[in-house]
**Q** 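After the structure tokens below, expect a handful of questions from me.
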Amino acid sequence: MMQIEVISLFPEMFAALTEYGITSRARQRGLYQLTLTNPRQYTQDVHHTVDDRPYGGGPGMVMLAEPLSAAIRDAKARIQAQGITPRVIHLSPRGKPLTHEKVLQLKELPGLVLLTSRYEGVDQRVLDTLVDEEISIGDYVLSGGELPAMVLLDAIIRQLPGALGDADSAQEDSFVNGLLDYPHYTRPEEFAGLKVPDVLLSGHHEKIRQWRLQQSLMLTRAKRPDLLAERPLTKEEARLLKDAE
Ligand SMILES: Nc1nonc1C(=O)N[C@@H]1CC[C@H](O)C1
């Protein structure tokens with residue numbers, strides 16, 4: 001069971017994972033354990049202060065090192081008590097962009113501590129002393145690291161063995177074969193004057209497989225040529241792509 005600790009000023013936000021869908025079911029099935037800690041519990045002052053003005057001036061506030069460090073140390077200790085050394089990850093625009101490969105790496109880890117920040121970010125000394133790596137979910141600035149942490153956790157949890165029934169298999173997702181997903185159709189056979197492609201109604205599984213692969217290749221070439229550029233094509237894929245021209 002994957003041990004996940006999250007440090008956040010808004011732990012209630014993580015209900016989006018624990019109360020809904022696949023991530024909720026996976027938790028109920030014991031595929032992972034999620035412990036949420038609010039660094040405010042580690043403040044000493046009457047106002048439970050977690051931030052302060054930046055040295056050097058400038059706008060915004062910086063999260064104090066002391067409460068965060070204490071929260072991270074306790075989270076690490078809970079995981080280490082189970083004989084596991086956790087990876088400590090800070091969600092930040094400065095981090096390495098999240099990819100499917102990274103998700104597949106992280107899902108193999110037995111324990112994670114995710115540090116989420118608000119305000120301008122965290123005191124650098126927390127990063128220097130306690131954080132193993134930083135991950136970004138994209139080149140834009142959000143109000144907090146909670147949504148990035150939930151994006152990361154959702155992507156990881158659905159890859160855990162047993163998280164998905166056959167009905168929602170992860171094997172067929174985009175990026176699994178390095179390509180974008182093929183188009184999907186379900187009832188009715190005609191909608192808004194548009195018919196479902198005949199091949200999908202043919203029951204000819206090999207033809208359907210080839211059609212789907214060709215669609216993935218064409219969509220990837222059109223929308224994400226960068227993905228194709230770094231992905232060698234099989235002989236079949238090269239033929240299907242050429243036939244599509
Ligand atoms: N993009 C991202 N990928 O991971 N995290 C972010 C992100 O925008 N974080 C915010 C920056 C300041 C605030 O503290 C939280």
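Residues take their numbers from the sequence shown, with the count starting at 1.
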**Q** Glu237 and salt bridge (charged side-chain N to carboxylate O under 4.0 Å, His left out): which partner among Lys242, Arg221, Arg231, Arg212?
**A** Arg231
**Q** Within the side chain of Gln214, is there an N or O that forms a donor-acceptor pair under 3.5 Å with the backbone of Leu240?
**A** yes
**Q** How long is the straight-line distance from CG of Leu213 back to CD1 of Ile208, given to the nearest 0.5 Å?
**A** 13.5 Å
**Q** Determine whether a donor-acceptor pair (N or O, by modelled atom type, separation under 3.5 Å) exists between the side chain of Thr23 and the backbone of Thr18.
**A** no
**Q** Charged N to carboxylate O under 4.0 angstrom, Glu133 versus Arg87?
**A** yes
**Q** Is Lys96 close to Lys102 at the side-chain level, that is, under 4.5 Å between some pair of heavy atoms?
**A** no
**Q** Do Leu153 and Val6 have side-chain heavy atoms sitting under 4.5 Å apart?
**A** yes
**Q** Considering only heavy atoms from C-beta outward, does the side chain of Arg118 approach that of Ser143 to under 4.5 Å?
**A** yes
**Q** Mind checking the CG-CG spacing from Leu147 to Asp154? Nearest 0.5 Å is all I need.
**A** 11.5 Å
**Q** Is there a side-chain contact between Phe14 and Glu146 (heavy atoms, below 4.5 Å)?
**A** yes
**Q** Looking at CD1 of Ile156 and CG of Leu114, how far apart are the two atoms once the value is rounded to the nearest 0.5 Å?
**A** 7.0 Å
**Q** I'd like to check Tyr119 versus Val50 (side-chain heavy atoms, cut-off strictly below 4.5 Å). Are they in contact?
**A** yes
**Q** Nearest 0.5 Å, what's the NE2-CG distance between His100 and Leu98?
**A** 10.5 Å
**Q** For Glu236 and Thr234, test the side chains for any donor-to-acceptor distance below 3.5 angstrom and give the result as yes or no.
**A** no
**Q** Looking only at atom types and distance, does a side-chain atom of Thr116 sit under 3.5 Å from a main-chain N or O of Ile7, one as donor and one as acceptor?
**A** yes
**Q** Using 4.0 Å as the upper bound for N to carboxylate O, is an ion pair formed by Asp74 and Arg78?
**A** no
**Q** Return the OG1 to CZ distance between Thr37 and Arg40, rounded to the nearest 0.5 Å.
**A** 14.5 Å
**Q** Gln210 and Glu206: side-chain donor and acceptor closer than 3.5 Å?
**A** yes
**Q** I'd like to know if the side chain of Thr49 and the backbone of Asp51 have a donor-acceptor N/O pair within less than 3.5 Å.
**A** no
**Q** Under the 3.5 angstrom rule, does the side chain of Asp132 hit a backbone N or O of Ile89 as a donor-acceptor pair?
**A** no
**Q** Distance check, rounded to the nearest 0.5 Å: Met2 atom CE versus Gln33 atom CD?
**A** 12.5 Å
**Q** Could you tell me whether the side chain of Pro110 reaches within less than 4.5 Å of the side chain of Gln3, counting heavy atoms only?
**A** no
**Q** State whether Lys76 and Glu5 are salt-bridged, where the test is any N-O pair (Lys NZ or Arg NE/NH1/NH2 against Asp/Glu carboxylate O) under 4.0 Å.
**A** no
**Q** Would you check if the side chain of Ser136 reaches a backbone N or O of Arg94 as a donor-acceptor pair within less than 3.5 Å?
**A** no
**Q** Does the side chain of Met63 come within less than 4.5 Å of Leu9's, by heavy atoms?
**A** yes
